[in-house]
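Keep in mind the model is a prediction, meaning the values are calculated, not measured.
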Amino acid sequence: MIGLFLSSSATAQTDASPWPTQKKIRLIVPFPAGGGADAIARIVAPALAEELGQSIYIDNRAGAAGSLGTQTALREKADGYTLIYVTNGTLITNPSLYAQVDYKLDDFMPVAHLTDLPLVLAVRKQPDAPTSVEEFLTRAKKSDTSLRYGSAGIGTTSHFAAVMLSECTGLTFEHIPYRGGFASMTDLLAGRIDFTIDVATNTMPHVKAGALIALGLSTQCKNPEMNNIAMLGQQLPGYQLSAWDGIAVKAGTSPIIVKQLSEAINRTLERPEVVEALTLRGAELVKSSPESFKDFIESEKPRWDHLVESAKAQAKH
C-alpha cells in the first residue's frame with residue numbers, strides 16, 4: 001500500500017508539472033523533408049527549443065498537400081506538446097479542395113505567424129532561356145504546346161500561383177503536380193518541366209547557385225536578397241500573392257501555454273542566427289500575437305477561396 005501510494009503521488013506530481021517540462025515537444029511538419037517548409041522548421045526549431053528549455057523534434061508527415069500530417073496532429077492531445085506547422089494551404093485551401101479533409105479552422109488555435117514567403121517565377125538557366133517576364137510570356141504565347149509547370153502538389157501554393165498566372169494572362173499551362181517542392185525542383189533543374197512559381201525558400205538557393213533564373217516576384221518584397229528581381233505585377237496588373245506559415249496547436253490547448261509559446265517564438269524570430277538564415281532563404285519574418293495571427297488567417301480566406309474555385313474551373317477544361 002505504501003508503494004502504491006508513493007507511485008500514485010509521483011505520477012500526480014509529474015502530471016502537474018508545468019509545461020513544457022514533462023517531455024519533448026513534437027513539431028509536425030506536414031510536408032516532405034528537403035522542401036521549403038521543412039527548411040524553415042529546421043531553422044526555427046533548435047532556437048525555439050533553447051528559448052523554451054525543452055527539446056523539439058520534427059516529425060515530417062507528408063501527403064495530400066499537407067492534409068495528412070495536419071490531421072495526424074489534430075488527433076493528439078491538446079496539451080502543448082504537439083505543435084503544428086501550418087500554411088495558407090493546410091489551413092484554408094485544403095478543406096475546400098479535398099473532400100476527405102475533415103478539419104476546419106475552428107479545430108486550431110493559432111499561436112504565431114512565422115514568415116511571409118514571396119514566390120519566384122523561375123526557369124532553368126540555359127543559353128536560350130528567357131531573361132524577363134515579358135520574354136517568358138511572349139514565348140508562352142508563341143509555343144505550339146502549353147508550357148509545363150511543376151508544383152509541390154495539387155492545392156499547394158505553387159499550384160495556385162500558376163493558376164493566378166493563367167488568370168492574369170489568359171494563357172493555358174500544363175500542371176505537373178509532384179509529391180513536395182523538392183521533387184518538383186529536381187525536375188525543373190533537370191529540364192523535364194518548363195517553369196515553376198514556387199516559394200523563395202525553394203527557388204532562391206538555386207538562383208544564387210546559378211542553376212535557375214529568377215524572372216519575377218509574386219509580391220513586393222523587403223528582403224534585400226531579392227531587391228533586384230522585378231515584380232510580376234509590373235507586367236501583370238492584379239498579380240499579387242504570397243505564401244505564409246506559422247505555428248498552431250489543437251483547439252482546447254491552455255491559453256497560458258499558447259501565450260508562453262507565442263512569446264518564445266517571437267523571441268526566436270529576433271535571434272540573429274535565425275534572422276540571417278531565414279532571410280538568406282528569401283523569407284520575411286513576421287512577429288505576431290495569437291490574436292493577430294488569427295485575424296490575419298481570417299483575412300486571407302477570401303483570396304485563397306477564390307483561387308480554389310479558379311483551379312477547379314481550369315481543371316474542367
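Applying the 6.0 Å contact sphere to CZ of Phe296 captures more than 12 heavy atoms from other residues, nucleotides or ligands. The environment of CD1 in Ile154 is sparse: at most 12 heavy-atom neighbours from other residues, nucleotides or ligands sit within 6.0 Å. Environment of CG in Asp128: crowded, with over 12 heavy atoms of neighbouring residues, nucleotides or ligands closer than 6.0 Å. Around atom CD of Gln220, no more than 12 heavy atoms belonging to other residues, nucleotides or ligands sit under 6.0 Å away.
Sorted by first and then second residue, the salt bridge (Lys or Arg N to Asp or Glu O under 4.0 Å) pairs involving residues 169-188 (not counting sequence neighbours) are Asp187-Arg192.
For the residue pair Ser151 and His175, a side-chain donor N or O sits within less than 3.5 Å of a side-chain acceptor on the partner. Of the N and O atoms on the side chains of Ser289 and Ser292, at least one donor lies less than 3.5 Å from an acceptor on the other residue. A side-chain N or O of Asn88 and one of Thr157 form a donor-acceptor pair less than 3.5 Å apart. In summary, the side chains of Arg75 and Thr72 do present a donor paired with an acceptor at a separation below 3.5 Å, with no hydrogens or angles considered. Checked by atom type, the side-chain pair Thr268/Glu51 shows no donor-acceptor distance below 3.5 Å. At a cut-off of 3.5 Å, with distance as the only test, a side-chain donor of Thr131 or Glu135 sits close to an acceptor on the other residue.
Distance CG/Leu83 to CD1/Ile247: 6.0 Å, rounded to 0.5 Å. Here the NZ-CG distance, from Lys312 to Leu307, works out to 12.5 Å after rounding to the nearest 0.5 Å. For the atom pair Glu76 CD and Arg26 CZ, the distance stands at 4.5 Å (nearest 0.5 Å). In this structure, CG in Leu261 is found 11.5 Å from CE in Met109, a value given to the nearest 0.5 Å.
Using cut-offs of 30° and 60° on the angle between ring planes, the pair His159 and Tyr149 is parallel. Taking the six-membered ring for Trp and thresholds of 30 and 60 degrees, Phe293 and Trp244 have ring planes more than 60 degrees apart, a perpendicular arrangement.
In this structure, Glu284 contributes its side chain and Lys222 its backbone to a donor-acceptor pair below 3.5 Å. Judged by distance alone, the side chain of Lys250 and the main-chain N or O of Leu74 form a donor-acceptor pair under 3.5 Å. The main-chain N or O of Leu165 is found under 3.5 Å from a side-chain atom of Thr169 such that the two form a donor-acceptor pair.
Of all heavy-atom pairs spanning His113 and Thr115, the tightest one is NE2-O, 3.4 Å.
Judged by a 6.0 Å distance limit and a 45° cone about the ring axis, Lys24 is not positioned over the six-membered ring of Tyr81.
Through direct or relayed side-chain contacts under 4.5 Å between Ile, Leu, Val, Met, Phe, Trp and Tyr, Ile229 connects to Val120, Ile176, Tyr178, Met185, Leu188, Leu189, Ile193, Met204, Val207, Leu212, Leu217, Met226.
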**Request:** Could you walk me through whether Ser67 and Asn94 pass side chain to side chain donor-acceptor pair (under 3.5 Å), step by step?
**Result:** CA-CA 7 Å; Ser67 297; Asn94 287 3; 2.8 Å; yes

